[in-house]
Amino acid sequence: CASSPSSVFILDCIYESKSARDIAMKEAEITKEFQSQREQLEKDKTEEINQFQIKSKEEDEQREKYLVQMEKDRKKKKKQEDIDAFEAEIAEANIEWERKLNERVQRVRSVEREYKKKIWALNFNEAKLEKEKEIDDGHGYLKCKIDINKLKEWRNPCNIQIKITSNGIIYSDLYSIQSINPEIKEIRPKVGLF
């Protein structure tokens, strides 16, 4: 991009068509939207499980109160048949409680499976989206790696001009090339030596 070693500041230059950049930006927006939906599903799953766990905690507290009361009632029983009937009642209550605990585990697993399926379907829909094809009509961007140390040696590094050639032909009537670096306002192609 320059005629003398002292003025060479571009280390590498890559062309990217406007179409490719637009496609990449659109794909990034789509990915962001799908990611947002995945995060919402995870949030909904967590909220549903938390609500279920709050209800389970209330049942646990009731169970604790029940066990304390049963222990008090057991001490009041004197006759053997009363004690046997009481033990049978407790055994039945324990079986019911075990069934309820198993239902809890199954409920949480069911919620997790349900949301896993939803996320899988979302991922599937994202993956099957048709990719746009790049159409290069000559409008595009040059991505250059700049030797910052070389620019620091210059008195006025914001006033930069470059020349662009292709197969030995110099292109002088190109549009202005906008620089992403905030210190470099604008780069204009120019025919001639630096």
Side-chain angles (χ1 to χ4, degrees), residues 12-137 139-146 148 178-182:
D12 189 18
C13 198
I14 300 170
Y15 169 77
E16 180 183 28
S17 72
K18 184 176 184 309
S19 172
R21 182 170 285 196
D22 291 346
I23 290 168
M25 287 176 64
K26 187 175 179 183
E27 286 178 353
E29 287 176 9
I30 290 170
T31 300
K32 186 177 178 182
E33 175 62 30
F34 274 98
Q35 184 58 30
S36 173
Q37 291 179 36
R38 277 189 284 273
E39 288 171 3
Q40 185 60 48
L41 285 172
E42 286 290 346
K43 184 179 175 184
D44 292 347
K45 178 185 82 170
T46 302
E47 189 175 331
E48 189 171 336
I49 289 173
N50 286 345
Q51 289 297 325
F52 179 70
Q53 288 174 340
I54 288 169
K55 185 181 175 186
S56 297
K57 188 176 179 182
E58 291 171 358
E59 290 174 348
D60 289 342
E61 289 170 358
Q62 290 174 357
R63 169 74 176 171
E64 285 298 320
K65 288 177 183 176
Y66 170 80
L67 291 175
V68 169
Q69 186 61 45
M70 289 296 104
E71 192 60 36
K72 288 178 182 176
D73 291 347
R74 175 182 284 155
K75 292 177 181 177
K76 294 177 184 176
K77 304 294 179 188
K78 302 296 180 189
K79 295 181 181 178
Q80 187 61 42
E81 61 263 11
D82 292 341
I83 293 173
D84 292 342
F86 186 77
E87 292 293 339
E89 182 184 339
I90 290 178
E92 190 176 327
N94 287 341
I95 290 169
E96 179 63 24
W97 181 247
E98 286 297 323
R99 185 188 61 77
K100 187 181 285 289
L101 292 178
N102 287 332
E103 282 179 359
R104 284 186 189 178
V105 172
Q106 293 303 319
R107 172 71 177 139
V108 171
R109 286 179 182 168
S110 173
V111 169
E112 288 174 343
R113 275 195 304 270
E114 177 188 343
Y115 281 95
K116 188 175 182 180
K117 285 178 184 177
K118 287 180 181 179
I119 290 171
W120 181 89
L122 199 63
N123 292 341
F124 178 78
N125 289 336
E126 182 182 14
K128 76 175 186 179
L129 287 176
E130 192 173 329
K131 302 289 182 185
E132 286 188 50
K133 293 181 180 177
E134 179 184 352
I135 302 169
D136 189 357
D137 59 1
H139 292 86
Y141 306 90
L142 289 174
K143 183 177 180 181
C144 302
K145 289 185 181 177
I146 305 296
I148 298 299
Q178 298 297 320
S179 171
I180 295 171
N181 189 324

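None of the values given here were measured: they were computed from a predicted structure.
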Quick one, Gln37 with Glu33, criterion side-chain hydrogen bond (donor to acceptor under 3.5 Å, both in side chains). Give me CA distance, side-chain angles, the key distance, then yes/no. CA-CA 6 Å; Gln37 291 179 36; Glu33 175 62 30; 3.2 Å; yes

Any chance you could lay out the side-chain hydrogen bond (donor to acceptor under 3.5 Å, both in side chains) test for Glu98 and Asn102, step after step, and finish with the verdict? CA-CA 6 Å; Glu98 286 297 323; Asn102 287 332; 5.3 Å; no

Rounded to the nearest 0.5 Å, the CD atom of Gln35 sits from the CG atom of Leu122 at a distance of 9.0 Å

Donor-acceptor pair, distance only, cut-off 3.5 Å: does the side chain of Ser36 make one with the backbone of Lys32? no

Dump the intermediate steps for salt bridge (charged side-chain N to carboxylate O under 4.0 Å, His left out) on Arg63 and Glu59, then the final yes or no. CA-CA 6 Å; Arg63 169 74 176 171; Glu59 290 174 348; over 6 Å; no

Taking atom CD of Glu96 as the centre, does the number of heavy atoms from other residues, nucleotides or ligands within less than 6.0 Å exceed 12? yes

Apply the test side chain to side chain contact (heavy atoms under 4.5 Å, CB included) to residues Glu27 and Leu129: give CA-CA distance (whole Å), side-chain angles for both, the deciding distance (0.1 Å), then the verdict. CA-CA 10 Å; Glu27 286 178 353; Leu129 287 176; over 6 Å; no

Give me the one residue out of Glu112, Gln106, Arg113 that meets side-chain contact (heavy atoms from CB on, under 4.5 Å) with Ser110. Arg113

Got Lys57 and Glu61 here, is their nearest side-chain heavy-atom distance under 4.5 Å? yes

Got a second to check how far Gln51's CD is from Gln53's CD, nearest 0.5 Å? 10.0 Å

Residues Lys18, Asp22; criterion salt bridge (charged side-chain N to carboxylate O under 4.0 Å, His left out); working and verdict: CA-CA 6 Å; Lys18 184 176 184 309; Asp22 291 346; 3.0 Å; yes

What's the spacing between Arg38 CZ and Glu126 CD if we round to 0.5 Å? 4.5 Å

Minimum heavy-atom distance between Glu89 and Tyr66, given as atom pair plus value: O-OH, 4.3 Å

Step by step, would you call Arg74 with Glu87 a salt bridge (charged side-chain N to carboxylate O under 4.0 Å, His left out)? CA-CA 9 Å; Arg74 175 182 284 155; Glu87 292 293 339; 3.3 Å; yes

Please evaluate residues Glu48 and Lys45 with respect to the criterion salt bridge (charged side-chain N to carboxylate O under 4.0 Å, His left out), reporting the C-alpha separation (whole Å), side-chain torsions for both, the decisive distance (0.1 Å), and the verdict. CA-CA 5 Å; Glu48 189 171 336; Lys45 178 185 82 170; over 6 Å; no

Is any side-chain heavy atom of Lys117 closer than 4.5 Å to one of Trp120? no

In the structure I gave you, are the side-chain heavy atoms of Lys131 and Ile23 within less than 4.5 Å of one another anywhere? no

From Asp84 CG over to Lys79 NZ, what is the distance, rounded to the nearest 0.5 angstrom? 13.0 Å

Compute both the distance and the angle, then confirm whether Lys118 meets the cation-pi test with Tyr115: under 6.0 Å from the six-membered ring centre, within 45 degrees of the axis. yes

Ignoring hydrogens and geometry, is there a side-chain-to-backbone donor-acceptor pair from Arg104 to Ser56 under 3.5 Å? yes

Take atom CD1 in Ile135; do more than 12 heavy atoms of anything else shown fall under 6.0 Å from it? no

The test is side chain to side chain contact (heavy atoms under 4.5 Å, CB included); show your working for Ile95 and Arg99 and say whether it passes. CA-CA 6 Å; Ile95 290 169; Arg99 185 188 61 77; 5.8 Å; no

The side-chain contact (heavy atoms from CB on, under 4.5 Å) partner of Asp73 among Lys75, Glu71, Lys76 is Lys76

Heavy atoms only: give me the nearest Ile83-Lys77 pair and the separation to one decimal. CG1-CB, 3.7 Å

Nearest 0.5 Å please: distance from the CD atom of Gln62 over to the CG atom of Asp60. 9.5 Å

